[in-house]
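Each chain gets a letter, A, B and so on, in the order its sequence line appears, and its residues count up from 1. A quick note: this is a predicted structure, and the numbers were derived from the prediction, not measured.
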There are 2 protein chains.
Amino acid sequence: MPKRADLSDTFCPVGRSAELLGDRAVLLILRDLFFGRRRFEAIAANTGLGPQLVSARLKLLEGEGVVERHAYQERPLRHEYRLTDKGKDLFGVLYAMRGWAERWAYREGETGGGPAMRYVHRACGADVGTATVCPGCGDLLGYGDLKGEPSPALRAEQARRAAS
Amino acid sequence: MPKRADLSDTFCPVGRSAELLGDRAVLLILRDLFFGRRRFEAIAANTGLGPQLVSARLKLLEGEGVVERHAYQERPLRHEYRLTDKGKDLFGVLYAMRGWAERWAYREGETGGGPAMRYVHRACGADVGTATVCPGCGDLLGYGDLKGEPSPALRAEQARRAAS
DNA sequence: CACAGTAACTATGATAATCATAGTGACAAG
DNA sequence: CTTGTCACTATGATTATCATAGTTACTGTG
């Protein structure tokens with residue numbers, strides 16, 4: 001490719017987000033970070049992306065202020081990556097993507113009846129489905145309010161990836 | 001690039017969406033479709049993407065059932081592209097992206113005070129800000145419930161693009 | 001009827017991002 | 001002192017992307 005078009009100076013807010021989010025690798029890495037995977041190798045293994053790509057994207061995300069590099073031990077010096085507030089606020093986007101996929105991207109019965117990923121409202125225990133407002137208590141849902149439970153099929157897939 | 005990794009068979013719903021949405025061009029084209037731009041040339045001009053890329057992505061979106069090709073006149077035969085229900089349901093994702101960008105992606109005063117894109121709830125007239133639930137009447141917000149008003153700066157940018 | 005114009009594309013070639021694979025540096029454990 | 005772990009960096013083949021130009025099929029104007 002030639003240098004890809006720069007969208008960071010457009011006034012369109014979707015364009016500005018697309019500059020960062022219009023990239024498979026970024027999306028997959030963010031997903032893993034929201035899932036609690038903070039370490040380089042864990043992210044590389046689960047996403048299936050090469051270390052070079054993971055490295056480049058984490059640097060990009062750090063530069064955008066979406067992710068922070070944090071040393072979790074000295075000797076040997078090791079780093080992990082954490083979402084900043086700006087990063088955590090991307091939850092709405094990923095959650096919307098997940099909702100759309102649950103409604104449209106699976107063949108009949110592929111997930112064995114339920115959603116591929118179930119979300120429960122911590123405060124009231126209700127299954128929220130793909131809603132942005134809790135169907136049980138009416139609260140607005142954000143990152144931290146929800147507890148995700150992968151379906152058996154998804155859990156098996158993650159285990160397979162972690163092994164190789 | 002070598003063939004890009006295929007995510008369409010993962011059980012992770014974010015992965016499945018990322019297969020389609022993890023692409024700048026797709027995101028920009030969807031934005032334009034939501035904005036009411038249905039014609040090939042209009043989309044190519046406003047996104048700044050080359051006709052080859054626009055063509056390829058529209059075919060992809062059509063194949064995914066997100067977009068429909070529709071002849072709007074015979075002699076000369078001309079087509080336009082419309083969002084299907086599956087496509088319209090992506091509004092939540094684009095709206096979440098816009099919300100995040102409005103909150104985080106602009107420098108102080110860059111938009112002249114207000115948001116780059118203002119959304120008003122048609123039913124009650126309230127400015128919804130970046131909320132998913134109307135702050136005026138409490139209704140859930142979806143595509144069709146909202147009326148978008150680009151800021152002067154964004155409007156000027158779009159006019160500039162349409163001209164060239 | 002010839003000619004410019006418009007919409008929706010397709011063709012071509014240069015450039016650069018991606019993947020797969022292998023290798024590096026710093027340390028710990030056995 | 002060899003093996004193992006983690007977090008990367010280096011290399012080379014492949015291919016998607018961009019910019020530009022060209023094509024097809026018509027319409028409207030002089």
Side-chain angles (χ1 to χ4, degrees), chain A residues 1-7 10 15 18-29 32-33 37-63 67-82 161-164, chain B residues 1-7 10 15 18-29 32-33 37-63 67-82 161-164:
Chain A
M1 317 169 181
K3 203 176 351 184
R4 69 189 177 188
D6 184 25
L7 302 172
T10 182
E19 175 73 20
L20 185 67
L21 300 175
D23 181 293
R24 279 181 166 61
V26 164
L27 256 15
L28 295 178
I29 290 171
D32 276 22
L33 288 169
R37 261 180 282 266
R38 295 203 245 259
R39 298 197 342 219
F40 189 96
E41 288 291 304
I43 293 170
N46 189 254
T47 57
L49 301 168
Q52 193 170 137
L53 234 199
V54 175
S55 173
R57 289 303 183 274
L58 284 171
K59 280 195 178 75
L60 174 70
L61 289 167
E62 199 189 348
V67 148
E68 267 175 357
R69 215 168 103 108
H70 186 85
Y72 66 90
Q73 65 173 39
E74 312 282 330
R75 332 200 38 79
L77 185 57
R78 291 288 148 79
H79 298 282
E80 64 177 20
Y81 295 88
R82 294 180 185 173
R161 288 181 180 283
S164 61
Chain B
M1 316 167 182
K3 202 175 354 185
R4 67 190 179 189
D6 185 23
L7 303 171
T10 181
E19 175 73 21
L20 185 67
L21 301 176
D23 182 291
R24 279 182 165 61
V26 165
L27 256 14
L28 294 179
I29 290 170
D32 277 23
L33 289 168
R37 261 181 282 267
R38 297 202 243 258
R39 300 199 338 221
F40 189 96
E41 289 290 304
I43 293 170
N46 189 253
T47 56
L49 301 169
Q52 193 170 140
L53 233 199
V54 175
S55 173
R57 290 304 183 273
L58 284 171
K59 280 196 178 77
L60 174 70
L61 289 167
E62 199 189 348
V67 148
E68 267 176 357
R69 215 167 103 109
H70 184 85
Y72 67 90
Q73 66 173 39
E74 313 282 329
R75 331 199 39 80
L77 185 57
R78 290 289 146 77
H79 298 283
E80 62 175 21
Y81 295 87
R82 294 182 186 171
R161 287 182 182 284
S164 61

List for me each residue that meets salt bridge (Lys or Arg N to Asp or Glu O under 4.0 Å) alongside B:Glu80, sequence neighbours excluded, and say none if there are none. B:Arg38, B:Arg82
Result for 5'-nearest mapping on DNA chain C, choosing between B:His79 and A:Ala25, is B:His79
Take atom CZ of A:Arg38 and atom P of D:dC6, then tell me their distance rounded to the nearest Å. 16 Å
Once you round it to whole Å, what is the distance between P of D:dT17 and CD of A:Glu19? 15 Å
Can you tell me how far P of C:dT18 sits from CG of A:Leu27, to the nearest Å? 13 Å
For B:Arg24, which contact category applies under a 4.0 Å heavy-atom criterion: base, sugar-phosphate, or nothing? nothing
With a 4.0 Å cutoff (strictly under), does any side-chain N or O of B:Arg57 reach OP1 or OP2 of D:dT17? yes
Hey, does the side chain of A:Lys59 come within less than 4.0 Å of D:dA7's phosphate (OP1/OP2), counting only N and O? no
How close or far is atom C1' of C:dT18 from atom CG of A:Leu60, stated in whole angstroms? 15 Å
Can you tell me how far apart CG (A:Leu61) and CG (A:Asp23) are? Round to the nearest 0.5 Å. 9.0 Å
From the candidates C:dA8, C:dT10, D:dC18, the one with an atom nearest any side-chain atom of B:Leu53 is D:dC18
Within a strict 4.5 Å, meaning less than it, do heavy atoms of the B:Leu60 and B:Leu20 side chains meet? yes
A:Tyr72 side chain, from C-beta outward: closest of D:dC6, D:dT9, C:dC9: D:dC6
Of the candidates D:dC8, C:dC9, D:dC18, the side chain of A:Glu41 sits closest to D:dC8
Would you mind reading off the distance between B:Asp32 atom CG and C:dA8 atom P, rounded to a whole angstrom? 14 Å
Would you say the base of D:dT20 and the side-chain of B:Gln52 have a donor-acceptor pair closer than 3.5 Å? no
Applying the salt bridge (Lys or Arg N to Asp or Glu O under 4.0 Å) test to B:Asp32, which of B:Arg37, B:Arg57, B:Arg39 qualifies? B:Arg37
Between A:Leu49 (CG) and C:dA20 (C1'), how many Å, whole number? 13 Å
Hey, is the side chain of B:Ser55 poking within less than 4.0 Å of OP1 or OP2 on C:dA8, counting only N and O atoms? no
Are any of the side-chain heavy atoms of A:Leu28 and B:Leu7 separated by less than 4.5 Å? yes
Check this one for me: any side-chain N or O of B:Tyr81 less than 4.0 Å away from OP1 or OP2 of C:dC9? yes
Produce a footprint string for nucleotides 24-30 of chain D: one letter per nucleotide, 5' end first; B if the base is under 4.0 Å from any protein heavy atom, S if only the sugar-phosphate is, - if neither. -BSS---
Residues at least two apart in sequence or cross-chain that pass side chain to side chain contact (heavy atoms under 4.5 Å, CB included) with A:Leu27, listed by chain then number, are A:Leu21, A:Met97, B:Ala18
What integer distance in Å separates A:Ile43:CD1 from D:dA7:P? 9 Å
Look at atom CD of A:Glu74 and say whether more than 12 heavy atoms of other residues, nucleotides or ligands are closer to it than 6.0 Å. no
Rounded distance (Å) that lies between atom P of D:dC6 and atom CZ of A:Arg37: 15 Å
Rounded to the nearest 0.5 Å, how far does OH of B:Tyr81 lie from CD of B:Glu68? 12.0 Å
The nucleotide from D:dT17, D:dA7, C:dA7 with an atom nearest the side chain of A:Arg39 is D:dA7
